Amino acid sequence: MGKYDTAKLRNLGIVAHGGAGKTSLTEAILFDTGMTDRLGRVDDGTSNMDFEPEEIKRHITIGSSLHHCEWNGHSLHIVDTPGYANFLHDTRNCMRILGGAVLIVSAISGVKAQTEKIWEWANEFEIPRIAFVNKLDRERADFLRAVDDMEKSLSARAVVVTMPIGVAEDFKGTIDLVHMKARLYSFDQKGTYQETEIPAEYMEEATRLRSLLLEAVADADDSLMEKYLEGEELTTEDILLGLREGTLTGVFTPVFCGSALANIGVRQLLDYIVACLPSPLDKGIQIGKNPKTEELEERSPSEEEPFSAMVFKTISDPFTGKLTLFRVYSGTLKSDSNIYNPNREAVERIGQIFELEGKKQKPIDMAVAGDIVAVPKLKATVTGDTLCDGARPILYESPLPLNPVISFAIEARSKNDEDKIHNALQRLMEEDPTLRLHREEETREMILEGMGQVHLEVTVEKMKRKYGVEVDLKQPKVPYHETIKGKAKLQSKYKKQSGGRGQYADVWLEIEPLPRGGGFEFVDKVVGGVVPRQYIPAVEKGAQEAMLQGTMGGFPVVDVRVTLFDGSHHSVDSSEMAFKIAGSMGFKKGMEQSNPVLLEPIMQMEITVPDDCIGDIIGDMNSRRGKVLGVEPKANSQVISVQVPMAEVLKYAPELRSMTSDRGLFTMEFSHYEEVPPHLTAKILAEVKKSD
C-alpha cells in the first residue's frame with residue numbers, strides 16, 4: 001500500500017491565462033499546508049515553482065512544475081501550468097493526466113483567449129473543474145463581473161460557493177454560502193482569519209446567491225431535487241454531496257474567491273478541493289489498446305491491476321540526464337524494476353523513483369495508482385509514451401502535439417557552436433515536442449519552429465545556459481522559385497580549343513512551361529544520331545543543374561519542359577562534359593527568352609478570433625494580399641480560412657496577439673506556389689541583389 005489510499009489522492013492542475021495568479025495560488029497552498037515555511041513570490045524570484053532562470057527573468061511560468069502536499073487526510077499532487085500562449089502546449093500535455101483542475105479567473109481581467117483554450121481542452125479530456133476568482137484585493141476588481149464572464153465566454157454554469165466581503169481596498173474576507181459563515185482576514189499573509197456571522201449589509205446578497213447554489217446542487221442529484229421540490233431544507237451534508245456530484249458530472253462549476261498573493265480564501269479552497277474534485281477512483285477505468293492485437297484493454301485505478309502509466313513531460317539536464325515524468329494509472333511501481341514501453345517496443349530499467357517538490361526531488365520506494373512521479377535516465381521513452389507491465393501490455397492514446405506557428409532561421413555564432421547545435425536542440429526537443437528543426441535546402445538555412453517568438457527566444461537562452469551553445473535568431477528567407485510563362489527555341493554551342501584535344505557540343509533546345517506543380521520534364525526528340533545517345537543524359541543533367549539557380553534572383557527553377565530536338569557533335573572533341581555545359585548554357589539562355597517570373601509560397605491559414613475582431617482581421621489579411629476562403633462561427637468566435645503569401649506572415653503570431661488583445665489563435669501550413677505580382681518582383685530582386 002502507498003502512504004495514502006487511492007481514494008484519498010487528488011491530482012489537480014492549477015490552470016488559467018498568464019498573469020492570473022496560478023503560481024501565487026500554488027505557493028499559498030504549499031505554505032498553508034506546511035510544505036514550505038515562507039510564502040514564495042513570483043515578482044521577487046523566491047517562488048518554489050518558477051525556478052528556472054528564464055522564468056525568474058520574465059516573471060512567468062514557462063514549464064509545468066510539480067509539488068505535493070497534505071490536507072485533511074488527503075494527498076494532493078499539484079501541477080502548476082503555464083498560461084501564456086507561447087507555452088500552452090505544456091499545459092495541454094499535462095491536462096491528459098489530471099484528475100481535476102482549479103481554474104483561476106482574474107477579478108480584474110476576467111476570461112481571456114488562453115482561458116477559453118484551456119477550458120476547451122478540459123472539456124476534451126473530461127476534467128472536472130472548480131474556479132477561484134483571484135485578485136479581489138486589487139484596484140478595479142469585480143467579483144460578479146468575473147463570474148458573468150465565465151458564463152458568457154466559457155458557456156459555464158458558474159455557481160458561487162464563497163463570495164467576497166468588499167472588493168479592492170475594501171476587501172476584508174469571504175462568506176461561505178454552504179455554512180453561511182464569514183471569515184474576516186488579518187492580511188498578515190499567513191491566512192489568519194476570524195470566523196464570524198455574516199455582516200448585515202451582505203446578508204441579502206448572500207441569501208440570493210445561496211438560493212442559486214441550492215438550486216444547482218438539487219439539479220445535480222435526483223434525491224436532492226426531490227427533497228428540494230418538497231420544500232425540505234437541504235443540510236450541509238446534502239449541499240456538499242450535491243456540490244461534489246455537480247462538479248464530477250460537469251453540471252456546474254463551483255466558484256470560490258480570494259487573493260492568492262495575500263493568502264486569503266486559500267484554506268477554504270483547499271477544503272473544497274478535497275470535497276469536490278475527483279480521486280483516481282472517481283475517474284474510473286482507463287481505456288487503451290493491446291499494442292499487438294489492437295483490441296481494447298481496460299485498467300482500473302487499483303494497486304492489484306497490472307502496472308500502467310502515461311508519460312506527460314520530459315526534462316533534460318546536461319549534468320543529471322533525462323528525467324521522465326508520468327502518471328500511474330494502475331498497479332504498483334517499485335524501484336529497481338523493469339517496465340515495458342509499447343510505443344518504442346523497448347524494456348526500460350527503473351532505478352530510483354522520485355516525487356517532485358518544485359526543483360527538488362524526493363526519493364520514494366514505490367508509486368501506486370494515482371501517483372505522479374519521476375524517474376531518471378530512461379533511454380528510449382519520450383513525452384506521450386505509455387509505460388506498462390510487459391506481460392500485460394497496454395497502449396494509451398496521447399494528445400497530438402500542437403503545430404508550430406512561427407519560424408526563425410538559427411545561425412551559430414562560431415564554428416564550434418555550429419557543430420553542437422543539433423545535439424543541443426535534440427535534447428531540448430525531447431523536453432518540448434512542439435519544437436521542430438529542419439534544414440531548408442533551397443535557402444540553405446537551419447529553421448527552428450515553435451509556438452511564438454518568446455518560445456524560441458527562451459529555447460535559445462536554454463541552449464546557451466544548459467549546453468553552452470550560442471545562436472542568433474533571424475527572419476527566415478522566403479523560398480521563392482522561378483519559372484517561365486513563354487516558349488523559346490535556341491541553339492547552344494560550346495566550343496573550346498586549348499591545344500591538343502578540344503571540347504565541342506552543339507544542341508538545339510526548346511524550353512516551355514509546365515502546369516503549376518509539374519516539376520521538370522526532359523524530352524528526347526533527337527533523330528539520325530546528330531547527338532550520340534551516350535551524350536543525351538549529359539544534356540539533361542546540365543539543364544537540371546542550371547535549374548538549381550535561375551536567371552532572375554538565383555532561385556530554383558520549377559515547372560519547365562526541356563526538349564532536345566537537334567544538334568551536332570565532333571568525333572574527337574565531343575564529350576559528356578561538353579554536352580553537359582552546352583545543356584546548362586542553353587537552359588539559362590532559354591530562361592531569359594521565355595518570359596521568366598517569380599513564384600512565392602502560399603500558406604493555408606485558419607485564424608480563430610473573437611466575434612468583435614473579425615472585421616479587423618479580414619481587413620488585415622486583405623492588406624497582406626490574402627484571399628479569404630470562408631468564415632465559420634465557432635463558440636463565441638469565428639474561424640477565418642485564408643490563403644496568404646508566406647512573405648506577408650513571417651511574424652504573424654505577435655501581430656495577431658496585438659490585434660486581438662491576445663485572444664486570437666491560428667494554424668498555418670504550406671499550400672502551393674503562385675506568381676508574384678510584377679510590381680513586387682522588382683523589389684524582391686533588388687533586395688536579393690543588395691544582400692548578395
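Bear in mind that the values here come from a model prediction, so they are computed numbers and not experimental data.
In terms of modelled atom types and a separation under 3.5 Å, the side chain of R129 and the main chain of I127 share a donor-acceptor contact. Side-chain atoms of D371 do not come within 3.5 Å of backbone N or O of V373 as any donor-acceptor pair. Of the possible donor and acceptor atoms, one in the side chain of D90 sits under 3.5 Å from a partner among the backbone N and O of S64. R436 places no side-chain N or O within donor-acceptor distance of the main-chain N or O of P404, the cut-off being under 3.5 Å. For the pair D137 (side chain) and A262 (backbone), a donor-acceptor distance under 3.5 Å is absent.
More than 12 heavy-atom neighbours from other residues, nucleotides or ligands sit within 6.0 angstrom of CD on E201. Annotation: R38, atom CZ; neighbour count of heavy atoms from other residues, nucleotides and ligands within 6.0 Å is above 12. In this structure, E632 places its CD atom where only 12 or fewer heavy-atom neighbours from other residues, nucleotides or ligands lie under 6.0 Å away. For R138, the CZ atom sits in a loose shell: 12 or fewer heavy atoms of surrounding residues, nucleotides or ligands are nearer than 6.0 Å.
The ring of H455 has its center closer than 6.0 angstrom to the ring center of H89. Taking the centre of each ring, F312 and F326 stay at or above the 6.0 Å mark.
With M605 as the fixed residue, the side chain to side chain contact (heavy atoms under 4.5 Å, CB included) test singles out one of V642, L656, I640: V642. A side chain to side chain contact (heavy atoms under 4.5 Å, CB included) with V160 holds for exactly one of L213, L212, L209; it is L209.
We find that E655 and R624 are joined by a salt bridge, their nearest charged nitrogen and carboxylate oxygen being less than 4.0 Å apart. The residues R58 and E461 are annotated as salt-bridged, a charged nitrogen and a carboxylate oxygen being separated by less than 4.0 angstrom. E54 has no carboxylate O lying under 4.0 Å from a charged side-chain N of K57, or vice versa, which leaves the two without a salt bridge. One finds a salt bridge joining D219 and R157 here, because a Lys/Arg side-chain nitrogen approaches an Asp/Glu carboxylate oxygen to under 4.0 Å. Contact check on R244 versus D282 returns a salt bridge, with a Lys/Arg side-chain nitrogen under 4.0 Å from an Asp/Glu carboxylate oxygen. One finds no salt bridge joining R145 and D149 here, because no Lys/Arg side-chain nitrogen approaches an Asp/Glu carboxylate oxygen to under 4.0 Å.
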Note to self: I'd like to know whether D176 forms a salt bridge (charged side-chain N to carboxylate O under 4.0 Å, His left out) with K181, so could you lay out the CA-CA distance, the side-chain angles of the two residues, the decisive distance to 0.1 Å, and finally the verdict.
What the structure shows: CA-CA 5 Å; D176 187 321; K181 291 288 184 180; over 6 Å; no
Checklist line | salt bridge (charged side-chain N to carboxylate O under 4.0 Å, His left out) evaluation trace for E27 with K22 | finding: CA-CA 9 Å; E27 295 290 341; K22 296 180 300 299; over 6 Å; no
Next item on the list: Decide salt bridge (charged side-chain N to carboxylate O under 4.0 Å, His left out) for E431 and K466; before the verdict, give the C-alpha distance in whole Å, the side-chain angles of both, and the deciding distance to 0.1 Å.
Entry: CA-CA 13 Å; E431 282 191 28; K466 288 188 171 186; 2.8 Å; yes
Checklist line | Criterion side chain to side chain contact (heavy atoms under 4.5 Å, CB included) on Y272 and F132, from CA distance to verdict | finding: CA-CA 11 Å; Y272 286 103; F132 182 77; over 6 Å; no
Item checked: Y652 and F666: CA distance, side-chain angles, deciding distance, ring-ring contact (aromatic ring centres under 6.0 Å, His included) verdict -> CA-CA 9 Å; Y652 189 64; F666 74 94; 5.3 Å; yes
Margin query: Between K359 and E52, is the salt bridge (charged side-chain N to carboxylate O under 4.0 Å, His left out) condition met? List the steps.
Written below: CA-CA 9 Å; K359 65 179 177 181; E52 294 279 7; over 6 Å; no
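Taking CG of L448 as the reference point, atom CD1 of I406 lies at 10.5 Å (rounded to 0.5 Å). Interatomic distance, OG of S65 versus CD1 of I78, reported as 10.0 Å (0.5 Å rounding). Atom CG in L177 sits 6.5 Å away from atom CE in M180 (nearest 0.5 Å). Atom CE of residue M203 and atom CD1 of residue I198 lie 4.5 Å apart, to the nearest 0.5 angstrom. Taken from NE2 in H74 to CZ in R10, the straight-line distance is 4.5 Å, to the nearest 0.5 Å. Between the CG atom of N11 and the SG atom of C94 there is a distance of 11.5 Å, given to the nearest 0.5 Å.
Both the sub-6.0 Å distance and the 45° axial angle are satisfied by R183 relative to the ring of Y193.
The shortest non-hydrogen separation linking V217 to L224 is O-CD1, 3.7 Å. Taking every heavy atom of both residues into account, W119 and A156 meet most closely at CZ2-CB, 3.5 Å.
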